[in-house]
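Contents: one structure, followed by commentary.
Small disclaimer: the values here were computed from a predicted structure and weren't measured.
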Amino acid sequence: MRRTAPLILTLTMLLCACSPAARLSEQMVRSQMFRCPDATYLDFLEGKLKWNYTPGLELRSYLDVHKAYGSEDIFSYAEAWYDAIVQEDGSILTYKVDRYSTDHICPAKTLFYLYDRTGKEKYRKAMDLVKSQIDGHPRTSDGAFWHKKDYPWQIWLDGVYMAEPFYVEYVSRYFPEEDKAAAYDDIVNEFVRAREHCYDPATGLMRHAWDETHSQPWADPENGRSAHCWGRALGWYCMALLDVLDFLPEGYEGRGTLIDILKDICAVLPQYTDVPGGAWYQVLDQPGREGNYIESTCTAMFCYTYLKGIRMGYLDGSLLPYAKGIYEYMLSKFIVRDDEGRISITQCCSVGGLGGKQNRMGDFAYYLSEPIRDNDPKGVGPFIWASLEYEKL
């Protein structure tokens, strides 16, 4: 794709979001739909139909654009992927419950909307199948999900986002009233334990992950925490807070617990941008360190966090000018337009993890070694959500 200069939009232009031509959320969807002839090409899968959080995440953001603006072709594009991968009996191609990967819970949260919209019973059956994974998923001694069966006794901030938004919506819809409180407690416990074990008192941030056994090569032998706060990991955690709060009932005590955590994180984050009100770094707790770079996926996640948190009343309304400034800065740093007018989000870290076959050590050099690419789903989806929040202004 041939690029022009970075797309820099003024506040006046942004406030014209009521015009379809100015809605960057929809522009991003349509740009991606052009680049990917169908959804099996998202996340650079080149036509492979695979149940994974990345296409699920991106398609969920598309459906939120559909809900906001009523674009039926966007709905059809997203639903076609789910219709192909979810079978009539509710089974899901390439998905196996006994792998116990929280990553594979994430794409199921879109099934609720598809079931409501289409009435296809296979989507309801698929929800039950994924819920059976939650029922048997291995846990730490204090009740938090292992990130994966392949990563035993480990809490990753990524995994909180992957599992809890589906879990809470399933509970809110389908659990008997007398069973909901205990399930909500279980969900809040996931956030509390992740906060407790990953919290870094030196920075006020949260490290990427924690190993209960303190035995992983990347884990501090004294406390089990990984070495750094990875920007996207904390971004996942923040978005999970917002998604779950949508379903926790008013008056439920755990709701206040999660709002307090959100406020604490958002009070600290401004210390770690490249400029005041700017973007956040790949290695979040090392701002300005040589080799570190401002990274778009975490910036979009945090931008969305502030904008939605303010709109929902979780964060103080006085933060709105700050949040709007982040969005505008994000456009100037990461959004480019090609000669045909299609937009892209740049400077996306492609992946980040710990341990496994690659023996990823979680040190500063590791996080800088992962490839950087354009239009990664982990950037596209959060950018769309941040744009939708801005457009609501």
Fill in: 4.5 Å side-chain heavy-atom contact, M312 and L242
no
Discussion item. Before you tell me yes or no, could you show the steps for Y95 and L129 under side chain to side chain contact (heavy atoms under 4.5 Å, CB included), namely the whole-Å CA-CA distance, both residues' side-chain angles and the distance that decides it to 0.1 Å?
Written reply: CA-CA 10 Å; Y95 170 66; L129 176 65; 3.9 Å; yes
Discussion item. Strictly below 4.0 Å, N to O, side chains only: are E328 and K324 in salt-bridge contact?
Written reply: no
Discussion item. Please enumerate all residues that pass side chain to side chain donor-acceptor pair (under 3.5 Å) together with S101, with sequence neighbours excluded.
Written reply: none
Practice prompt. State, to 0.1 Å, how close G379 and C348 come at their nearest heavy-atom pair, and which atoms those are.
Written response: CA-SG, 4.3 Å
Discussion item. Hydrogens and angles aside, do Y327 and E389 bring a side-chain donor and acceptor to less than 3.5 Å of each other?
Written reply: no
Worksheet entry | Note: R193-E196 ion pair, threshold 4.0 Å (strictly below) | yes
Item to complete: For residues G317 and P321, report the shortest heavy-atom separation together with the two atoms involved.
Response: O-CD, 4.4 Å
Worksheet entry | Plane angle bin for W51 and W81 - parallel if under 30°, tilted between 30 and 60°, otherwise perpendicular | parallel
Discussion item. Could you check whether D376 pairs with K378 (Lys NZ or Arg NE/NH1/NH2 to Asp/Glu carboxylate O, under 4.0 Å)?
Written reply: yes
Discussion item. Could you work out, with side chain to side chain donor-acceptor pair (under 3.5 Å) as the rule, every residue matching N223, not counting sequence neighbours?
Written reply: none
Worksheet, complete the sentence: The complete set of ring-ring contact (aromatic ring centres under 6.0 Å, His included) pairs with one or both residues in residues 124-152, sequence neighbours excluded, reads Y100-H137, H137-F145, W146-W153, H147-W156, Y151-W156
Item to complete: May I have all residue pairs that pass salt bridge (Lys or Arg N to Asp or Glu O under 4.0 Å) and include part of residues 288-299, sequence neighbours excluded?
Response: R232-E295
Discussion item. I'd like to check M33 versus D73 (side-chain heavy atoms, cut-off strictly below 4.5 Å). Are they in contact?
Written reply: yes
Item to complete: Verify the cluster assignment for I155 and W218: are they in a single hydrophobic cluster under the rule of side-chain heavy atoms below 4.5 Å apart?
Response: no
Worksheet item: What is the minimum heavy-atom distance between A323 and L307, and which atoms define it?
Response: CB-CD2, 3.7 Å
Response to the item:
So the salt bridge (Lys or Arg N to Asp or Glu O under 4.0 Å) pairs with at least one residue in residues 243-253 (sequence neighbours excluded) are K109-D243, D246-K308, E250-R255
Item to complete: Go through the steps to decide whether T118 and E79 satisfy the test side-chain hydrogen bond (donor to acceptor under 3.5 Å, both in side chains), and finish with yes or no.
Response: CA-CA 9 Å; T118 68; E79 202 262 335; 4.8 Å; no
Discussion item. Holding to side-chain contact (heavy atoms from CB on, under 4.5 Å), I want the full list of residues that pass it with Q271, two or more places apart in sequence or in another chain.
Written reply: V268
Worksheet item: Is the Y272 to W280 ring centre distance short of 6.0 Å?
Response: no
Discussion item. Is the distance from the ring center of Y252 to that of Y184 below 6.0 Å?
Written reply: yes
Worksheet item: Can you hop from Y293 to L234 via hydrophobic side chains spaced under 4.5 Å?
Response: no
Fill in: Chi angles and distances behind the side chain to side chain contact (heavy atoms under 4.5 Å, CB included) call for R30, S71
CA-CA 10 Å; R30 296 198 176 282; S71 307; 3.6 Å; yes
Worksheet entry | Side-chain heavy-atom pair H104, V130 within 4.5 angstrom cut-off | no
Discussion item. Pair F191, V188 - check side chain to side chain contact (heavy atoms under 4.5 Å, CB included), show working.
Written reply: CA-CA 5 Å; F191 288 92; V188 170; 5.5 Å; no
Practice prompt. Could you tell me whether D89 and K125 have a side-chain N and a carboxylate O separated by less than 4.0 Å?
Written response: no
Item to complete: Would you kindly confirm whether Y390 and Y329 end up in one hydrophobic cluster when ILVMFWY residues are joined by side chain heavy atoms under 4.5 Å apart?
Response: no
Discussion item. Could you check whether D83 pairs with K122 (Lys NZ or Arg NE/NH1/NH2 to Asp/Glu carboxylate O, under 4.0 Å)?
Written reply: yes
Item to complete: Verify side-chain hydrogen bond (donor to acceptor under 3.5 Å, both in side chains) between R342 and Q27, making sure each step is shown before the conclusion.
Response: CA-CA 7 Å; R342 289 179 285 272; Q27 284 188 44; over 6 Å; no
Worksheet item: On the ring face of Y113, is R60 found with NZ or CZ under 6.0 Å from the centre and within 45° of the axis?
Response: no
Discussion item. Is there a path of hydrophobic side-chain contacts, each under 4.5 Å between heavy atoms of I/L/V/M/F/W/Y residues, joining Y53 to L63?
Written reply: yes
Fill in: Criterion side chain to side chain contact (heavy atoms under 4.5 Å, CB included) against E190, the qualifying member of V160, V244, T140
V160
Discussion item. Which heavy atom of P217 sits nearest to which heavy atom of N359, and what is that distance?
Written reply: CG-OD1, 3.9 Å
Discussion item. Set out, in order, the CA-CA distance, both residues' side-chain angles and the distance that settles side-chain hydrogen bond (donor to acceptor under 3.5 Å, both in side chains) for Y69 and E391, then state yes or no.
Written reply: CA-CA 11 Å; Y69 301 124; E391 290 156 19; 2.5 Å; yes
Worksheet item: Do the non-hydrogen side-chain atoms of Q32 and V380 ever get within less than 4.5 Å of each other?
Response: yes
Worksheet entry | Atom of N292, atom of Q286 and distance for their closest heavy-atom approach | ND2-O, 2.8 Å
Discussion item. Is any side-chain heavy atom of L284 closer than 4.5 Å to one of F302?
Written reply: yes
Worksheet item: Measuring from K180:NZ to L248:CG, what's the distance to the nearest 0.5 Å?
Response: 11.5 Å
Discussion item. Show me the pairs that pass side chain to side chain donor-acceptor pair (under 3.5 Å) and involve residues 200-210, at least two apart or across chains.
Written reply: D158-H208, D200-T203, D200-R207, H208-Y367
Item to complete: Tell me, please, which residues at least two apart from C36 pass side-chain contact (heavy atoms from CB on, under 4.5 Å).
Response: Y41, L42, Y77
Worksheet item: Which residue pairs pass the salt bridge (Lys or Arg N to Asp or Glu O under 4.0 Å) test when at least one of the two sits in residues 37-56, sequence neighbours left out?
Response: D43-R373
Fill in: Residue pair Y314 / K263: nearest heavy atoms and the distance that separates them
O-CE, 2.9 Å
Worksheet item: Linking I/L/V/M/F/W/Y whenever their side-chain heavy atoms sit closer than 4.5 Å, directly or via other members, would Y174 and L114 fall into one cluster?
Response: yes
Worksheet item: Under 4.0 Å between a Lys/Arg side-chain N and an Asp/Glu carboxylate O for D64 and K67?
Response: yes
Practice prompt. Flag the pair T40 / L45 as yes when at least one side-chain heavy-atom distance between them is below 4.5 Å, and no otherwise.
Written response: no
Worksheet entry | Step-by-step side chain to side chain contact (heavy atoms under 4.5 Å, CB included) determination, I105 to Y167 | CA-CA 9 Å; I105 298 172; Y167 186 9; over 6 Å; no
Fill in: Within-4.5 Å side-chain heavy-atom neighbours: E212 and Q154
no
Fill in: Non-neighbouring partners of E72 that pass side-chain contact (heavy atoms from CB on, under 4.5 Å), sequence neighbours left out
H66, F75, R117
Discussion item. What I want to check is whether the side chains of S344 and R35 have a donor and an acceptor closer together than 3.5 Å.
Written reply: yes
Worksheet entry | Partners meeting side chain to side chain donor-acceptor pair (under 3.5 Å) with D285 (sequence neighbours left out) | H228
Worksheet, complete the sentence: So CG of L258 and CD of E164: to nearest 0.5 Å the spacing works out to 10.0 Å
Worksheet item: Among all residues two or more places apart in sequence or in another chain, which pass the side chain to side chain donor-acceptor pair (under 3.5 Å) test with R173?
Response: D116, E169
